[in-house]
Amino acid sequence: MTEEVESESAEAIESEEPVSEPKEETGPATTIPGDGQYLVGEDIKPGTYKTAGSAGSHPCYWARLQDASGELGSIIANDNIKGQTRVALKKGEYFEANRCQE
C-alpha cells in the first residue's frame, strides 16, 4: 500500500505544470514623459510624477485637464515652475506638459 501511495505521489508531481517565475511588473513612470498631452490611464498610468523643473530659460508648464478641449474651463490644476515638483494624476484626466525636464 505504501508503494501505491508513493507511486501516485510521484505521478502527481510529474504531471504538474512547471512553475514559471512571476513576471516583473513595471510600475508607473515616475517622471513626466516629455512635452505633450496624455490621457491618464491610456497614454500614461495614474500615479505621482515628478520633474526636475524647467528644461531651459522658460518655466516648465504642467496642467491636469478634465478633457482635451483646450478651453480654460477644462483646467483642474496647473502651474509654471522652475524647480522640482510633483503632480498626482488620476485615471480619466488629461495631463499636459511643456518644457519640463524628466
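Just so it is clear, the model here is predicted, and its values are computed rather than measured.
- Atoms CD and OG, from Glu96 and Ser74 in turn, are 9.0 Å apart once rounded to the nearest 0.5 Å.
- A donor-acceptor contact shorter than 3.5 Å is absent between the side chain of Asp79 and the backbone of Ile81.
- Distance NZ/Lys91 to CD/Glu42: 9.5 Å, rounded to 0.5 Å.
- Leu39 CG to Tyr94 OH: the interatomic distance, rounded to the nearest 0.5 Å, is 4.5 Å.
- Note that SG of Cys60 and CG of Asn98 are 8.0 Å apart. Values are rounded to the nearest 0.5 Å.
- Of the candidates Ile76, Asp43, Leu65, Val87, Val87 is the only one forming a side-chain contact (heavy atoms from CB on, under 4.5 Å) with Phe95.
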Checklist line | Test log, rule side-chain contact (heavy atoms from CB on, under 4.5 Å), inputs Glu102 and Thr51 | finding: CA-CA 5 Å; Glu102 285 189 14; Thr51 178; over 6 Å; no
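- In this structure, Arg86 CZ and Ile32 CD1 are separated by 10.5 Å, a value rounded to the nearest 0.5 Å.
- Heavy-atom minimum distance, Lys82 versus Ser57: NZ-O, 3.7 Å.
- Looking only at distances, a side-chain donor or acceptor of Gln101 sits under 3.5 Å from a matching main-chain atom of Ser54.
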Next item on the list: Using the side-chain contact (heavy atoms from CB on, under 4.5 Å) rule, take Tyr38 and Leu89 through it: C-alpha gap first, then chi angles, then the decisive distance, then the call.
Entry: CA-CA 11 Å; Tyr38 308 93; Leu89 306 176; over 6 Å; no
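- Tyr61 and Asn78 form a side-chain donor-acceptor contact under 3.5 Å, judged by distance and modelled atom types alone.
- Here the CD atom belonging to Gln66 is positioned 9.0 Å from the CD atom belonging to Glu93, to the nearest 0.5 angstrom.
- Panel note: side chain Asp35, backbone Arg99; a donor-acceptor pair is recorded below 3.5 Å.
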